[in-house]
Every structure is written in C-alpha cells, then in structure tokens.
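This report concerns only the one structure given below.
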Amino acid sequence: MKEITDYQNKKVIVLGLAKSGVHAALLLHKLGALVTVNDIKPLSENPSAQELVEAGIRVIAGSHPLTLLDEDFSVMVKNPGIPYTNPMVKRAQELNMPIITEPELAYEVLEGEFIGVTGTNGKTTTTTLINLMLNEGLKAPRSFVAGNIGVPASEVAQTIKADQTMVTELSSFQLLGTTELKPHIAVLTNIYEAHLDYHGNRHNYIEAKMNLVKNQTAADYFVINWDTEEWRELSQRTQAQVVPFSRQGLSHEGSYVQDGLIYFKEEQICPVAIIKIPGQHNVENALAAVAVAKIKGVSNEAIANVLRTFAGVRHRIQFVEEWQGRRFYNDSKATNIEATTVALQSFEQPIVLIAGGLDRGFVFDELVPLIKKDVKAMVVYGETADLMKDAGEKAGLSTIIKVDNLVEATQQAVKLSEPNEIVLLSPAAASWDQFKTFEDRGDLFIKTVEEITGKVEEQAK
C-alpha cells in the first residue's frame with residue numbers, strides 16, 4: 001500500500017456504510033484521518049457501525065443531520081448507492097466539499113496496476129474471466145478482483161504489491177464519484193438504458209460510465225465493444241490506445257470472431273465452441289477478457305483453458321442443477337430488462353420464467369417478442385408482478401401465475417415445467433422490494449430449488 005499523507009489529520013465524513021463504507025472508514029482511519037461516519041440505520045441495529053466505534057471511529061447513526069456538515073470536513077466519501085439528490089450530498093455540494101466514492105480512495109493507495117471494468121451488463125463475468133486468465137498456470141495469484149463484484153476495492157488495494165494487479169468492477173454509481181482514478185486498462189462491455197431513476201437520463205448515465213477513461217493517457221488501453229455505432233463513437237473520447245472487441249467481426253484490431261474462431265488481431269486463439277457458459281453475451285464477455293489477457297501477454301493455451309472450464313458467475317445465468325430432466329438457472333443479477341433479454345436469448349429449450357421485483361416505473365414491453373418466442377410459462381411476483389403479467393399477456397402467453405414471493409414462485413415454476421425445459425429466475429428488476437440484495441434473492445432461489453429437488457436432504461445424510 002502506498003504511504004500517503006493526504007488525509008493526515010484531515011476531517012473526513014463517510015456517508016453511508018455497507019461493505020464499501022466500512023472499509024473506506026477503516027482505511028481513512030489507518031491513514032490518520034479524523035473520520036466521522038454517518039449512517040441512517042440506528043446504532044443499536046447496525047453491527048457495522050458498532051464495529052467502527054470499537055475501532056475508535058466516530059459514528060453518527062440513525063439520521064442524516066445537515067448540521068453535521070457545519071464541522072468543516074475536507075472531503076465526503078459517499079456510499080455509491082446514495083443519490084446526489086440526497087439532502088446531505090446536496091448540502092456538501094453547496095459547501096463546495098469534494099465528494100468521492102470508495103474506489104477513488106482505493107486507487108489513491110494502490111501500488112500495483114489498476115484494471116477497471118464497467119458496462120451495463122457483463123461486468124462481473126468479464127472481471128472474473130480477466131482475473132482467471134491473468135492467474136492461469138501461476139502457483140501464486142498475481143491478480144485479484146475487487147469493487148462492485150462484492151469485495152471492497154479499499155480493502156483489496158491495501159494488500160496489492162507493485163508487481164500485482166487489481167481487476168475492479170465499477171458501477172456507474174461508483175464512477176460518478178471519481179476524480180483522479182486512471183486504469184491502465186479500461187474495459188467497457190456495453191451500454192444500454194439502466195439506472196435512469198438515479199442518473200436522470202441516458203446522457204448522464206453514459207457520462208458516469210465514461211469517467212473510467214477521462215484520465216487515461218496514450219500509455220493506457222481502452223478495450224471497448226465495437227458492435228454498435230454508439231459504442232464506436234465513445235471510443236473517440238479517450239487518449240488511450242483503443243482495442244476493440246467484436247462478436248460480429250467488425251474490427252480486426254483487437255479480439256473478434258470469424259468462422260467460429262476467436263482471434264486477437266490476426267492470431268487465432270481458440271474455437272468459440274469451447275466457451276462453457278451459455279449465450280452470445282458470454283461470447284462478448286470472453287472477447288473482452290481475451291483482449292485484456294493478450295495485452296498482458298497471457299498465452300493462448302491459458303486463455304483457452306479458462307474459457308473451457310469457467311462455469312459462470314454466481315447469480316448471473318448460473319447453472320444450479322439438473323433434476324428430472326429440468327435445468328435450473330439463477331439469474332438474480334438480472335436487475336434490468338436488458339439483462340433478462342440476454343438470459344432469454346441464451347437457451348434453445350422452452351423456458352419457465354420467474355420474474356418480478358422493485359417497481360422503478362418501467363414497463364416490460366421490450367420483453368414481449370422474446371417471451372412470445374422462448375417462454376412457455378411465467379410466474380411473477382413482487383412490485384412489478386402486474387407489469388410482468390401484462391407483458392406476458394401481450395405476448396399471448398396462456399400460462400401466467402401471480403404469487404406473493406420467490407419461494408412460491410419457484411414452487412409453481414417447478415410444477416409448470418417438464419423434462420428438457422429450463423426453469424429460469426431472471427427478474428428484470430431490482431431486488432429491493434423484498435430483499436436487501438440480488439445475492440440474497442439468488443441464494444433463496446438456490447435454497448428453494450435444493451429443497452424441492454431433495455438435494456438438501458441428500459447433503460444432510
């Protein structure tokens with residue numbers, strides 16, 4: 001970890017906890033800052049806040065008092081999920097207080113190389129593939145994942161040595177709070193419409209994503225999906241060396257598919273068919289990872305070995321198990337329409353779809369053609385249940401069942417399914433109406449499937 005003095009004896013406020021807030025506060029405390037943490041959850045119900053108090057960190061819990069900002073803080077480290085419309089954030093802006101997010105802090109202390117991965121969909125899979133490829137064949141890992149993938153960057157950055165790499169998944173929420181962050185290799189998987197309730201419009205969303213490359217120089221690399229005109233235009237907004245990847249073979253300057261084979265520039269890497277995880281979207285994720293791996297000098301053999309063995313990221317079209325001819329997939333990370341579109345396109349067999357979640361004001365008409373083509377039956381629940389049902393009815397689906405919760409939905413989906421069919425949880429909505437996280441939602445689905453199929457009983461024997 002770099003020894004920096006920027007925060008020594010400086011008053012810093014950490015707004016909002018969760019994992020990233022806790023580790024940001026602990027790192028700042030370690031760097032000699034005078035840290036104040038402010039979290040909305042009362043201290044008595046807040047184990048994370050209690051942990052920080054025991055570490056000697058000041059915590060104001062239970063509310064967000066605006067008067068707290070009268071204490072002349074040097075900087076605010078904001079939880080990415082807290083919008084800029086929050087009164088505390090707006091007041092900090094009025095005071096011209098610098099506002100950053102936790103990855104920016106992590107970057108400041110990072111000794112090793114920084115690889116940043118963003119996009120609407122595919123971030124987690126691409127981040128994981130890159131990390132696996134960089135470590136393939138090594139006795140001791142030299143690359144480590146961090147960020148939105150579930151491991152706070154401010155925790156990992158402290159352990160990274162000068163000859164090691166941190167591969168960091170970055171959300172638009174996190175990138176909106178970056179100022180100096182500069183990845184040596186930046187990856188943009190794709191951009192669709194998402195999180196418009198947070199960003200206000202698509203333009204703001206894209207601007208947040210493009211913060212990933214704003215500080216890059218000609219010594220850096222920007223790996224970008226080349227398969228739409230919009231994304232190609234975004235490639236012009238960096239000083240870095242642009243390395244395209246294209247499933248459609250639209251550029252041969254990076255990684256691409258041609259005649260069923262993956263190439264990097266003119267070098268043949270491996271057949272597309274060896275990719276173990278299903279779906280064309282995962283071909284794109286693989287191409288992005290291949291481009292990064294080749295920039296880093298990874299061998300074709302190592303790349304191919306990862307692609308033929310990697311079974312997928314938990315909660316992202318994750319194969320759960322096969323039972324009586326039915327295959328169960330957990331796609332709880334599909335928190336938007338685009339992600340569910342990708343999931344529905346990943347299978348050739350009939351699908352029993354479980355969908356629904358937080359209502360963000362969207363309708364699901366974009367899914368109608370795919371429901372009509374690929375879905376045999378739907379089970380819907382949550383705040384968007386009626387909206388999902390409406391999409392199913394527009395698709396002419398005769399079997400749509402509405403239930404109260406995910407457990408009931410899973411039970412009904414199993415009853416509706418037959419051998420050689422897919423039972424797919426792909427909600428097309430955030431989880432926060434009934435769950436704290438999409439991980440909790442996916443874990444409950446897996447647990448329910450295991451109970452239904454008898455796997456829990458088998459494990460207990």
Side-chain angles (χ1 to χ4, degrees), residues 1-2 4 6-7 10-41 46 48-49 51-52 55 57-61 64 73-84 86 88-89 92-93 97-118 123-124 127 144-160 165-183 186 195 198-199 208-209 211-212 214-215 436-437 439:
M1 182 178 86
K2 287 181 184 174
I4 63 172
D6 304 50
Y7 296 101
K10 298 281 183 66
K11 296 181 70 173
V12 180
I13 181 166
V14 176
L15 186 66
L17 280 178
K19 285 183 183 179
S20 64
V22 169
H23 286 282
L26 290 170
L27 175 55
L28 286 162
H29 185 62
K30 191 175 185 177
L31 294 171
L34 306 175
V35 183
T36 297
V37 171
N38 180 216
D39 194 60
I40 194 68
K41 188 182 290 187
N46 200 332
S48 296
E51 173 191 339
L52 294 177
I57 296 172
R58 179 192 184 201
V59 175
I60 307 296
H64 289 315
F73 291 100
S74 296
V75 65
M76 172 184 282
V77 181
K78 182 186 74 67
N79 182 291
I82 296 176
Y84 284 76
N86 178 280
M88 289 286 282
V89 181
Q93 289 174 321
M97 185 186 303
I99 301 170
I100 64 172
T101 53
E102 178 255 357
E104 179 77 19
L105 177 65
Y107 178 74
E108 292 180 44
V109 301
L110 179 68
E111 276 192 49
E113 185 174 295
F114 185 85
I115 296 176
V117 180
T118 196
K123 296 185 295 295
T124 301
T127 299
F144 302 86
V145 296
N148 205 47
I149 200 167
V151 189
S154 56
E155 177 185 15
V156 178
Q158 296 181 56
T159 67
I160 299 288
T165 301
M166 187 168 78
V167 188
T168 311
E169 178 184 334
L170 296 162
S171 70
S172 59
F173 300 168
Q174 292 169 320
L175 287 169
L176 198 55
T178 59
T179 54
E180 304 299 324
L181 185 145
K182 185 179 83 69
H195 305 303
Y198 185 100
H199 293 286
K209 289 290 190 187
N211 275 348
L212 183 66
K214 69 180 181 181
N215 296 317
K436 288 183 178 179
T437 66
E439 291 96 338

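Any value given below was found using the heavy atoms of this structure, including those in side chains, with hydrogens, waters and symmetry copies removed. Start at 1 with the first residue, then count along the sequence.
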Name the one of Ile13, Leu34, Val12 that satisfies side-chain contact (heavy atoms from CB on, under 4.5 Å) with Leu28? Val12
For Phe173 and His199, take the angle between the two ring planes, folded into 0 to 90°, and tell me which bin it lands in: parallel under 30, tilted 30 to 60, perpendicular over 60. tilted
Would a 4.5 Å heavy-atom cut-off, applied to side chains only, mark Ile160 and Phe114 as touching? no
Under the criterion side chain to side chain contact (heavy atoms under 4.5 Å, CB included), I'd like the reasoning laid out for Lys123 against Thr118: C-alpha separation, chi angles, the key distance, then a yes or no. CA-CA 6 Å; Lys123 296 185 295 295; Thr118 196; 4.1 Å; yes
Residue pair Ala157 / Val109: nearest heavy atoms and the distance that separates them: CB-CG2, 4.1 Å
Hey, are the side chains of Val14 and His29 touching, using non-hydrogen atoms and a 4.5 Å cut-off? no
Are a donor atom and an acceptor atom from the side chains of Thr101 and Gln174 found within less than 3.5 Å of each other? no
State the CD1-CG distance between Ile57 and Leu52, to the nearest 0.5 angstrom. 5.0 Å
Does NZ in Lys19 sit with more than 12 non-hydrogen atoms of other residues, nucleotides or ligands closer than 6.0 Å? no
Quick check for you: to the nearest 0.5 Å, what is the distance between Leu17 atom CG and Asp39 atom CG? 4.0 Å
Minimum heavy-atom distance Ala61-Lys41, with the two atoms named: CB-O, 3.3 Å
Trace of the side chain to side chain contact (heavy atoms under 4.5 Å, CB included) decision for Thr168 with Tyr107: CA-CA 10 Å; Thr168 311; Tyr107 178 74; over 6 Å; no
So, applying side-chain contact (heavy atoms from CB on, under 4.5 Å) with Asn38, which one of Arg58, His64, Met76 is it? His64
Would you compute the distance between atom OG1 of Thr178 and atom CG of Leu170 and round it to the nearest 0.5 angstrom? 8.0 Å
Using the side chain to side chain contact (heavy atoms under 4.5 Å, CB included) rule, take Leu31 and Glu108 through it: C-alpha gap first, then chi angles, then the decisive distance, then the call. CA-CA 11 Å; Leu31 294 171; Glu108 292 180 44; over 6 Å; no
Is there a donor-acceptor contact under 3.5 Å from the side chain of Glu104 to the main chain of Thr179? yes
Can you see which heavy atom on Met166 is nearest to which on Ala153, and at what distance? SD-O, 4.0 Å
Please give me the minimum heavy-atom distance between Ala55 and Leu26, naming the atom from each residue. CB-CD2, 4.2 Å
Heavy-atom closest pair, residues Asn79 and Ala18: ND2-CB, 3.9 Å
Spacing of CD belonging to Gln158 relative to NE2 belonging to His23, to within rounding of 0.5 Å: 9.0 Å
How about Thr36 and Phe73: do any of their side-chain heavy atoms sit closer than 4.5 Å? yes
Closest contact, heavy atoms only, Pro183 versus Gly116: CB-N, 3.8 Å
Interatomic spacing from CG in Asn215 to NZ in Lys182 - rounded to 0.5 Å: 8.0 Å
So how far is it from Asn148 CG to Thr124 OG1, rounded to the nearest 0.5 Å? 6.5 Å
Quick one, Lys78 with Leu176, criterion side chain to side chain contact (heavy atoms under 4.5 Å, CB included). Give me CA distance, side-chain angles, the key distance, then yes/no. CA-CA 11 Å; Lys78 182 186 74 67; Leu176 198 55; over 6 Å; no
Is there a side-chain contact between Tyr7 and Val35, using heavy atoms and a 4.5 Å cut-off? no
